[in-house]
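Contents: one structure, followed by commentary.
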Amino acid sequence: MKVRRRFTAVVAVVSAVALVAAGCGRGTRGGEGSASPGITDTAITLGITTPLSGPTAGPGTCTVAGVKAYFGSVNAAGGVKFGDGKTRKVEIKSYDDAYDPQKSLANFQQMSSDGVFAVTAGLGTPTNRAFRDAAIDEKFPQVLVMTGDPLFSKRQDSPWQLGFVPIYQNEGAAFGKLLAASGGQHKVAVLAQNDDYGKGYVEGFKQAIAGAPNVQIVRELSYEATDTSVDAQLTELASTGADVFFNAMSITPLAIAALQKAQQVGWRPSWFLPSNTSSPSAILQPGNASAFPGIYSVAFAKAPQSPEFAKDADVVKFLADLKQYANYPDVPAFPHCMWSYMVGATLQQAFEKMTKPTRDDFMTALRGISGFRAPLMLEGTAVDTTKDGQPAVSSVVVQKYNGKGYATAQTFG
């Protein structure tokens, strides 16, 4: 009988340990019950996988700098007071993927080992897609990432994801609406990246001009993100005599080369450029964009280079934080620095709503933000995470290059 009682006691202890282990397992995967990985009573750790080397290193470096600048300032002031009453410092771990999907997947796997609570702010559609399924399987938040792919904001398909920047279709549609409303007759030549990025821009543009009798697409070509030249495409498109060039391109060196090649062949149309390849100092000035009648892009962030924002309180603080906490002393050439600073402010909104230190509660809090004017946002734009199928920012303002920066474009021409 003593042996039997001793055996029963051992079984009970083993069963209790198994239940505790199972509970911990649920916590580590989805954040149910006990605290999720990457969060303690005093700190929370965020991970960013983004290109810190290679041709997209400029904007990629900005995605880290902006978040570090924002939370560096917040941490210096004491940290974030979460909804559970605890004040935590926000720690950032960055990983270089060189815009290579395989590297971004490896980085995500490393984050799981490094005790990261959530992935955020990283640049790129193919690189974010590379570990999306793994993040869903692990119930690991992959949020406010820098891709306009609408897949990341569809809750049924991507329950642990949320994009930050407007979806590509929204940007493309803004160009199409401006052109259709111009009244003049326009012939459009299109060059698009042969992936979801380029196709999304073109889709939005075509939807916006559908039925517009004054807009005609006369030629449409594509290129691969791995191409080193688009000279042949530019030469062919120039032969159409189109007065508008819709260039859905994400690679910085190619965007500069396209501007230069068009001038070499004597083609000077007005341009539509995506928000992430329209930097005045990094792309337009090297490409001599002032040679064209108009360069149009879209924005939702105040540009520090623009004279009208030189003394803006948001911009002044942003530049000071960038220099002090992100070791980024220069005025940023890419908008991603401003975008990721806004990401930091949006994350703080979610943290302040969290009543439990879990990934589940974080996702619930993150999806409940509406009408939030993050620092640096342009008038008429706001953060709204409550709309299924839309990213945190869905509104944009069309702007026209003025030789130094951009000014809001009320009309085309």
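Using a 4.5 Å cut-off on side-chain heavy atoms (C-beta onward), Thr87 and Lys81 make contact.
No side-chain N or O of Ser370 forms a donor-acceptor pair with one of Thr386 less than 3.5 Å apart. Gln390 and Asn170 share a side-chain donor-acceptor pair at under 3.5 Å. Side-chain contact of Ser104 with Thr127: a donor-acceptor pair under 3.5 Å is absent, judged by distance alone. In this structure, a donor-acceptor pair under 3.5 Å is present between the side chains of Tyr95 and Asp114. In this model, a donor atom of one side chain and an acceptor atom of the other lie less than 3.5 Å apart for Lys317 and Ser73.
Annotation: side-chain hydrogen bond (donor to acceptor under 3.5 Å, both in side chains) contacts of Gln207 (sequence neighbours excluded): Glu203. Applying the salt bridge (Lys or Arg N to Asp or Glu O under 4.0 Å) rule to Asp96 yields no partners; only residues at least two apart in sequence or on another chain are considered.
The number of heavy atoms from other shown groups lying within 6.0 Å of CD (Glu220) is above 12. Taking a 6.0 Å sphere around CG of Asp231, one finds it holds more than 12 heavy atoms contributed by other residues, nucleotides or ligands. At most 12 non-hydrogen atoms from other residues, nucleotides or ligands lie less than 6.0 angstrom from NZ of Lys404.
With Thr50 as the partner, the side-chain hydrogen bond (donor to acceptor under 3.5 Å, both in side chains) test is satisfied by one option alone out of Thr63, Thr56, Thr61: Thr63.
Under the 30°/60° scheme for interplanar angles, the aromatic rings of Phe131 and Phe108 are found to lie parallel.
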Donor-acceptor contacts under 3.5 Å from residues 245-259 side chains, at least two apart:
residue: Ser250; atom: OG; partner: Gln193; partner atom: OE1; Å: 2.7
residue: Ser250; atom: OG; partner: Gln193; partner atom: NE2; Å: 3.1

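Applying the ring-ring contact (aromatic ring centres under 6.0 Å, His included) test to pairs two or more places apart or on separate chains, those with a residue in residues 274-316 are Trp271-Phe292, Phe272-Tyr296, Tyr296-Phe412, Phe300-Trp339. Within the structure, ring-ring contact (aromatic ring centres under 6.0 Å, His included) pairs that include any residue of residues 47-81 comprise Tyr70-Tyr341 (at least two apart or interchain). Each ring-ring contact (aromatic ring centres under 6.0 Å, His included) pair with one or both residues in residues 36-62, not counting sequence neighbours, would appear here, but there are none.
In plain terms, the two heavy atoms of Cys62 and Tyr328 that are nearest each other are SG-OH, 3.5 Å. Minimum heavy-atom separation, Gln263 to Ala291: OE1-CB, 3.5 Å.
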